[in-house]
Amino acid sequence: MAQFWKPGADKPRILEDEDGGVVFVSAALSSAPTSGFGYANIDKQRQRLPIYKYRNAILYLVETHATTIIVGETGSGKTTQIPQFLKEAGWAEGGRVIACTQPRRLAVQAVASRVAEELGVRLGEDVGYTIRFEDLTTSDVTKIKFLTDGVLIREMMEDPLLTKYSVIMVDEAHERSISTDVVLGLLKKIQRRRPELRLIISSATIEAKSMAAFFLDRKGRQRVETHESGPSKEPAILSVEGRGFNVRIHYVVEAVADYVQAAVSTVLAINDQEPAGDILVFLTGEDDIGVAVSLLTEEAQANGNKSSGLIVFPLYSGLPRAEQDLVFSPTPRGKRKVIISTNIAETSLTLEGIVYVVDSGFSKQRFYNPISDIENLVVAPISKASARQRAGRAGRVRPGKCYRLYTEEHFINEMSAEGIPEIQRSNLVSCVIQIKALGIDNILGFGWLASPAPETMIRALEVLYSLGVLDDDAKLTSPVGFQVAEIPLEPMISKMILSSNQLGCSEEIITIAAILSLQSIWVSSRGAYKELDEAKMRFAAAEGDHVTFLNVYQGFLESGKSSQWCHKNFVNYHAMKKAVEIREQLRRIALRLGITLKSCERDTEVVRKAVTAGFFANACRLDVYSHNGMYKTIRGSQEVHIHPSSVLFRVNPKWVIYHSIVLTDRQYMRNVMTIDPSWLTDVAPHFYQHQ
DNA sequence: GAGCACTGC
């Protein structure tokens with residue numbers, strides 16, 4: 001039986017570092033013998049993970065500190081092992097639960113099944129997980145629970161102090177997603193009311209100190225000096241080595257003019273000069289990737305035996321699933337796989353067998369302008385942290401190499417240490433309503449890890465006020481505000497669903513809500529726009545895209561949810577299956593909120609009124625003096641156009657509302673619907689009283 | 001007449 005530290009035993013060797021944070025320096029090595037032969041059982045495999053040596057130290061730190069920050073490189077085993085250590089040490093006894101959050105749904109599922117397997121239990125019993133629309137836990141049975149950080153925020157609406165959890169581990173906190181930042185702010189508040197709660201924050205090296213400073217609450221510190229019982233409020237920091245191999249970094253000597261071209265030449269040079277091993281190239285988006293893939297494919301064909309060993313795959317999230325899966329196919333003997341990818345391969349997907357990484361130094365990043373209320377995507381230089389993460393992808397199986405298509409001088413002087421956190425680059429309407437729903441009134445004074453721009457928060461409050469979700473005192477209204485907060489969708493969509501109740505078209509509106517929450521229901525059609533357009537016209541409704549979605553959904557159901565039907569009509573089969581699934585969940589939520597499920601039987605006017613009740617702020621009028629289909633927003637008189645993918649493109653009805661805007665050379669409205677302007681004053685008199 | 005990095009409730 002392996003040994004581990006138990007409360008009351010001697011403490012392991014710990015050294016205080018100069019900044020007051022506690023750093024564990026050397027752990028007593030596990031005495032478990034590691035045999036190089038035979039079948040390694042699960043216990044042996046666990047004991048070989050780097051984290052295993054730190055088990056006593058981690059348990060000691062968690063017992064004695066309210067917050068422990070674990071700096072663990074990839075492959076340390078922290079995510080799967082730490083919850084098990086905690087359970088073994090008794091943190092799940094007496095009906096308590098150990099939680100571990102992840103930023104992504106897939107990671108939650110993968111880690112939960114791995115831990116269930118290691119413990120030899122069925123998933124959903126002792127070990128379970130919860131993600132949106134999927135709860136695989138059993139109350140009073142589940143002891144270790146994995147969940148997305150967004151779900152943890154939702155749970156606080158039911159149980160503000162998260163009383164069932166004894167330890168909450170926030171994994172991948174350095175990624176700094178909006179939800180992670182919000183969760184950390186909320187957990188810090190909970191900690192003040194629940195001193196017995198323990199937090200474990202897993203972070204990257206560069207963020208560890210600022211995380212520790214964040215959790216070192218001044219008020220809390222004074223209190224601990226008067227009451228000596230309980231854990232130290234001072235966060236502990238523990239570093240755990242990973243299992244990555246060394247990656248040698250190469251820089252270009254002179255800045256490159258065209259990183260796509262440079263990436264292609266670098267791949268060809270690697271192929272000519274370097275031993276076997278697959279190549280991963282980081283570019284910015286579908287366009288770049290398409291160009292690089294065709295250049296490399298041409299080269300591989302033209303160059304006879306020299307580059308013919310290359311098999312080139314594109315990889316980005318918009319790629320159909322079957323094509324995405326091709327990148328995981330084993331590389332045939334004597335061949336070399338080249339994967340040209342977006343950021344999806346930086347964190348979301350792990351590719352085995354990569355030995356060479358080519359890093360363009362750029363990615364597409366979201367920026368939000370609170371004045372125009374528009375989010376757009378911009379190609380921008382990545383951070384040093386991102387560059388390191390990309391390079392690390394080359395060292396998973398053996399020592400690798402990373403070719404950076406920028407100079408060392410650029411890396412040192414021009415690239416920022418860490419990226420701008422998402423919370424400072426996004427529209428915060430959804431985020432603000434969640435914080436409000438938790439009863440936190442002072443949004444600007446919320447203990448943010450990084451404060452969003454005040455303009456962004458004010459804009460979010462304005463939007464919520466105009467939806468009737470917040471009152472004059474910026475408090476949630478009853479019942480609308482609380483209901484909108486309870487629906488796990490964007491507030492404008494939630495408002496649309498609530499309004500459909502009075503209008504008697506909830507069945508139709510729930511379908512529209514499900515489809516709007518998907519990326520696209522059409523197959524991506526690089527180069528086949530014409531066929532796609534023709535297919536779309538078979539479903540097109542004069543009222544616009546929302547009603548068109550209803551036609552497609554109807555057709556899909558009538559076909560018996562057939563994949564052939566989808567293929568024939570350029571409809572994305574996986575998206576439609578997802579729509580059916582989400583719709584089912586939304587039906588359940590609607591019933592819980594007391595919404596009567598009712599169909600309006602083809603009365604598209606009430607459907608459009610319900611959509612207008614959520615999206616009235618996006619109303620636009622055709623500028624009759626312009627002959628190129630230019631619209632102006634009612635709210636801000638901004639120039640916008642109907643996107644060519646809309647069924648209303650070139651139809652140009654006088655009054656429309658849109659779901660979202662994309663900014664390219666123009667501002668394009670996506671998902672557009674005709675309205676009668678009188679509806680605007682009907683559904684939002686407070687907003688349009690002066691028009 | 002043309003576009004969508006990646007997530008999440």
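Below, chains carry the letters A, B, ... as their sequence lines are ordered, and counting in each starts from 1. Note that the structure is a prediction, hence the values are computed from the model and not measured.
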Enquirer: When we call it a touch if two heavy atoms are under 4.0 Å apart, what does A/Ser179 touch: a base, just sugar-phosphate, or nothing?
Expert: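 Touches nothing.
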Enquirer: In whole angstrom, give the distance that lies between atom CG of A/Leu518 and atom P of B/dC4.
Expert: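 In whole Å, B/dC4 P and A/Leu518 CG are 19 Å from each other.
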Enquirer: Hey, does the Lys NZ or Arg CZ of A/Arg404 hover above the aromatic six-ring of A/Phe411, less than 6.0 Å from the centre and inside 45° of the axis?
Expert: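 Checked: cation-pi criterion met.
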Enquirer: CZ of A/Phe362 versus C1' of B/dA5: gap in Å, rounded?
Expert: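 That distance rounds to 14 Å.
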Enquirer: Take atom CG of A/Leu622 as the centre, draw a 6.0 Å sphere, and report whether it contains more than 12 heavy atoms from other residues, nucleotides or ligands.
Expert: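 More than 12 within 6.0 Å, yes.
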Enquirer: Counting the atoms with a prime plus P, OP1 and OP2 as sugar-phosphate, which does A/Ser363 contact under 4.0 Å by heavy atoms, base, sugar-phosphate, or nothing?
Expert: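 Nothing: the residue A/Ser363, judged by heavy atoms under 4.0 Å, touches no strand.
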Enquirer: Please tabulate, for side-chain N and O atoms in residues 429-436 of chain A, each donor-acceptor pair with protein atoms closer than 3.5 Å (sequence neighbours left out).
Expert:
unit_1   : atom_1 : unit_2   : atom_2 : d
A/Lys436 : NZ     : A/Asp441 : O      : 2.9
A/Lys436 : NZ     : A/Ala474 : O      : 2.8

Enquirer: Base, sugar-phosphate alone, or nothing: which one does A/Ile131 contact when heavy atoms must sit under 4.0 Å apart?
Expert: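 Since only primed, P, OP1 and OP2 atoms lie under 4.0 Å of A/Ile131, the category is sugar-phosphate.
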Enquirer: Under 4.0 Å, counting only non-hydrogen atoms across every strand here, what does A/Leu377 touch: a base, just sugar-phosphate, or nothing?
Expert: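 Touches a base.
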Enquirer: Under 4.0 Å, heavy atoms only, any strand: does A/Arg154 hit a base, just the sugar-phosphate, or nothing?
Expert: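 It contacts base atoms.
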Enquirer: Using whole Å, what does the distance between atom P of nucleotide B/dA2 and atom CG of A/Asp287 come to?
Expert: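 For the pair A/Asp287 CG and B/dA2 P, the rounded distance is 13 Å.
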Enquirer: Counting the benzene-type ring for Trp, do A/Tyr658 and A/Phe615 have ring centres under 6.0 Å apart?
Expert: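 So the answer is no for these two rings.
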Enquirer: Describe the nucleic acid contact of A/Ser317 in one word from base, sugar-phosphate, nothing, applying a heavy-atom distance below 4.0 Å.
Expert: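 Sugar-phosphate, no base atom in range.
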Enquirer: Provide, to the nearest angstrom, the distance between the CZ atom belonging to A/Arg670 and the P atom belonging to B/dC4.
Expert: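 That distance rounds to 8 Å.
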Enquirer: Looking only at side-chain N and O atoms, does A/Ser430 come under 4.0 Å of OP1 or OP2 in B/dG8?
Expert: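 Answer no for this pair, as no side-chain N or O of A/Ser430 is under 4.0 Å from OP1 or OP2.
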Enquirer: Between side-chain atoms of residues 373-382 of chain A and protein atoms elsewhere (two or more places apart, or another chain), which donor-acceptor pairs fall under 3.5 Å?
Expert:
unit_1   : atom_1 : unit_2   : atom_2 : d
A/Asp373 : OD1    : A/Tyr368 : OH     : 2.7
A/Asp373 : OD2    : A/Arg635 : NH2    : 3.3
A/Glu375 : OE2    : A/Asn427 : N      : 3.1

Enquirer: Using a cut-off of 6.0 Å, state whether more than 12 heavy atoms not belonging to A/Tyr465 lie near its atom OH.
Expert: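 Not buried by this count: 12 neighbours or fewer within 6.0 Å.
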Enquirer: Rounded to whole angstroms, how far apart are CZ on A/Arg176 and P on B/dA5?
Expert: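 Result: 25 Å.
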Enquirer: For the side chain of A/Arg650, starting at C-beta, report the closest nucleotide among B/dG1, B/dC6, B/dG8.
Expert: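 Closest nucleotide among those given: B/dG1.
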Enquirer: Out of B/dG1, B/dA5, B/dC9, which nucleotide sits closest to the side chain of A/Lys364?
Expert: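 Selected nucleotide: B/dA5.
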Enquirer: Would you kindly give the CD-to-P distance between A/Gln667 and B/dC4, to the nearest whole Å?
Expert: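 Whole-Å distance recorded here is 12 Å.
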Enquirer: Calculate the interatomic distance between A/His643 atom NE2 and B/dC4 atom P; express it in whole Å.
Expert: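 In whole Å, B/dC4 P and A/His643 NE2 are 7 Å from each other.
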Enquirer: Take atom CD1 of A/Ile153 and atom P of B/dT7, then tell me their distance rounded to the nearest Å.
Expert: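 Taking CD1 of A/Ile153 and P of B/dT7, I get 18 Å after rounding.
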Enquirer: For a quick check, tell me whether the side chain of A/Asp533 and the base of B/dG1 share a donor-acceptor pair closer than 3.5 Å.
Expert: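 Such a pair is found, so the answer is yes.
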Enquirer: For A/Arg105 and A/Leu663, take the nucleotide of DNA chain B holding the closest heavy atom to each; which residue's nucleotide lies nearer the 5' end?
Expert: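 The residue closer to the strand's 5' end, by nearest nucleotide, is A/Leu663.
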Enquirer: Of the nucleotides B/dC6, B/dC9, B/dG1, which one has an atom closest to the side chain of A/Ser348?
Expert: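 Selected nucleotide: B/dC6.
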Enquirer: When you get a sec, tell me which of B/dA2, B/dT7, B/dA5 is the closest nucleotide to the side chain of A/Glu286?
Expert: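 Of the candidates, B/dA5 comes closest.
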Enquirer: For A/Ser177, which contact category applies under a 4.0 Å heavy-atom criterion: base, sugar-phosphate, or nothing?
Expert: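 Touches nothing.
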